[in-house]
Amino acid sequence: MPELPEVETICRDLLRLVRGLVFEDVRIIDRRVIRGGSGAFFHRSLVGRKIVDVRRRGKAVVLDLGGLCLVVQPMMTGQLVARSGPAEDVLLKETKIVFLLSKRRQLLYNDQRLFGRLQIVAREEDLDYIRQLGPDPLDKNFTVEVLAERLRQRRPAIKTVLMDGRCIAGIGNIYASEILFRCGIDPCQSAMRLSMPQMMRLHKAVLEVLCEAVAMGGTTVRNYRSGDGQSGQFQNVVRVYGRDGQPCQVCGREIVRIVQSQRSTFYCSHCQK
DNA sequence: AGGTCGACCTGGCAGC
DNA sequence: TGCTGCCAGGTCGACC
């Protein structure tokens with residue numbers, strides 16, 4: 001599910017909706033989404049704690065509780081949705097955890113496929129996933145030189161490398177295809193063989209695509225919801241993702257789907273070389 | 001060490 | 001209608 005723009009949208013919503021609130025109770029409906037400790041430990045760690053900050057690390061949401069962090073990785077189908085009103089109204093089949101907050105608010109963790117994970121850690125860097133993350137594309141230090149340095153040693157296809165969070169944080173399957181279409185680069189080209197002009201176009205496309213997607217509240221393919229329960233809008237402007245068989249908006253030739261590293265890639269073989 | 005592949009899960013949809 | 005197989009936004013551990 002959520003890639004960088006979706007998780008960024010969730011974090012901005014949660015910052016607005018739940019910062020400063022206190023966990024009053026936690027109802028664990030399916031404990032399989034909890035990692036790194038028992039349900040009792042999870043419950044005990046949270047109750048009484050205040051949410052002092054919400055931030056994104058790669059594709060993870062970090063709820064900073066002051067000396068403790070609740071790290072949520074929604075993976076493919078996880079949702080973190082804040083709401084207010086009676087808690088009994090809202091239980092969906094996919095609701096796995098209900099966080100009861102002060103001021104009669106709740107935070108729901110919904111997850112159809114149970115791929116997502118929630119973990120309590122002292123510091124977010126305690127998680128391997130976060131410690132190993134590459135530079136974040138929305139960080140001001142993410143320059144074309146940084147990108148070139150990250151890609152220079154990587155032999156696999158650029159599409160595969162873009163999706164590796166240890167190389168660059170936050171880019172997943174939808175945006176990898178969209179970014180490569182935007183800068184006209186063949187997804188099968190080896191990352192280490194990109195020319196400097198290609199590298200500059202790629203850097204520009206990464207920023208453009210991700211910023212546009214954030215501005216549109218992310219992409220909803222089927223499950224994604226923002227922190228206030230809304231769908232994203234970027235799916236209405238994708239140019240290649242999921243459009244195999246349709247004409248390329250630039251040259252009119254057919255968009256094709258191929259499989260790289262067991263994931264679908266969509267591209268225009270005429271525009272991307 | 002870097003790279004590839006299945007496993008983790010549920011549900012929607014196309015095709016028969 | 002109902003079955004089967006394929007597909008889905010991510011990550012990780014086991015292997016080569």
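As the structure is a prediction and not an experimental result, all values here were calculated from the model. To find a chain, count down the sequence lines: A is the first, B the second, and so on, and within it residues start at 1.
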*With sequence neighbours left out, which residue pairs that include part of residues 57-68 of chain A fulfil the side-chain hydrogen bond (donor to acceptor under 3.5 Å, both in side chains) condition?*
A:Arg55-A:Asp64, A:Arg57-A:Glu124, A:Arg57-A:Glu125
*Under a 3.5 Å cutoff on both atom distances, Watson-Crick or G-U, what's the dot-bracket for DNA chain C ([ ] crossing, | other strand)?*
.|||||||.|||||||
_Among residues at least two apart in sequence or on other chains, which ones pass side-chain hydrogen bond (donor to acceptor under 3.5 Å, both in side chains) with A:Arg117?_
none
*Across the strands shown, which category fits A:Tyr175 at heavy-atom distances under 4.0 angstrom: base, sugar-phosphate, nothing?*
nothing
*Distance in angstrom units between A:Phe266 CZ and C:dC7 P, rounded*: 10 Å
*With P as the reference atom in both, quote the distance from C:dT4 to B:dC9 in angstrom, rounded to an integer.*
22 Å
*Scan for ring-ring contact (aromatic ring centres under 6.0 Å, His included) pairs involving residues 23-77 of chain A, sequence neighbours excluded, and state none if there are none.*
A:Phe23-A:Phe99
*asked:* Taking any heavy-atom pair under 4.0 Å as a contact, classify A:Gln73: base, sugar-phosphate, or nothing.
replied: sugar-phosphate
*At under 4.0 Å, does any side-chain N or O of A:Arg263 touch on OP1 or OP2 of C:dG10?*
yes
*Sugar-phosphate or base contact per nucleotide [nucleotides 4-10 of chain B; S, B, -; heavy atom under 4.0 Å]*: -BB-BBB
_Pair listing, side-chain hydrogen bond (donor to acceptor under 3.5 Å, both in side chains) test, anchored in residues 239-248 of chain A, at least two apart_ = A:Arg243-A:Gln246
*Using atom CG of A:Leu151 as one end and atom P of B:dG2 as the other, report the distance to the nearest whole Å.*
15 Å
*Could you pull out all residues at least two apart from A:Lys96 that satisfy side-chain hydrogen bond (donor to acceptor under 3.5 Å, both in side chains)?*
none
*asked:* Looking only at the side chains, is there a donor atom on one of A:Thr77 and A:Asp111 sitting less than 3.5 Å from an acceptor on the other?
replied: yes
*Gap between atoms CD and P, on A:Gln260 and C:dG10 respectively (whole Å)*: 14 Å
*Does A:Gly172 offer a backbone N or O that forms a donor-acceptor pair with the side chain of A:Glu3 under 3.5 Å?*
yes
*Rounded to whole angstrom, note down the P distance from C:dC7 over to B:dC5.*
16 Å
*Separation of B:dG2 P from A:Arg152 CZ (nearest whole Å)*: 15 Å
_In whole Å, I'd like the distance from the CZ atom of A:Arg222 to the C1' atom of C:dC6._
11 Å
*Which residues satisfy the side-chain hydrogen bond (donor to acceptor under 3.5 Å, both in side chains) test with A:Arg44, sequence neighbours excluded?*
none
*asked:* Short of 4.0 Å, heavy atom to strand atom, which residues of residues 177-192 of chain A count as contacting DNA chain C?
replied: none
*Apply side-chain contact (heavy atoms from CB on, under 4.5 Å) to A:Glu254 and list each qualifying residue two or more places apart in sequence or on a separate chain.*
none
_Nearest whole Å is fine: how far is C:dA8 C1' from A:Asp244 CG?_
13 Å
*Can you check the A:Gln235 CD to C:dA8 P distance for me, whole Å?*
17 Å
*Which pairs with one or both residues in residues 198-216 of chain A pass salt bridge (charged side-chain N to carboxylate O under 4.0 Å, His left out), sequence neighbours excluded?*
A:Arg182-A:Glu208, A:Arg182-A:Glu212, A:Lys204-A:Glu208
*Grab the CG-P distance between A:Leu133 and C:dG10 for me, whole Å please.*
13 Å
*State whether a side-chain donor-acceptor pair under 3.5 Å links A:Ser261 with A:Thr160.*
yes
*Who pairs with A:Thr220 by side-chain contact (heavy atoms from CB on, under 4.5 Å), at least two apart in sequence or on another chain?*
A:Tyr224, A:Arg225, A:Ser231, A:Gln235
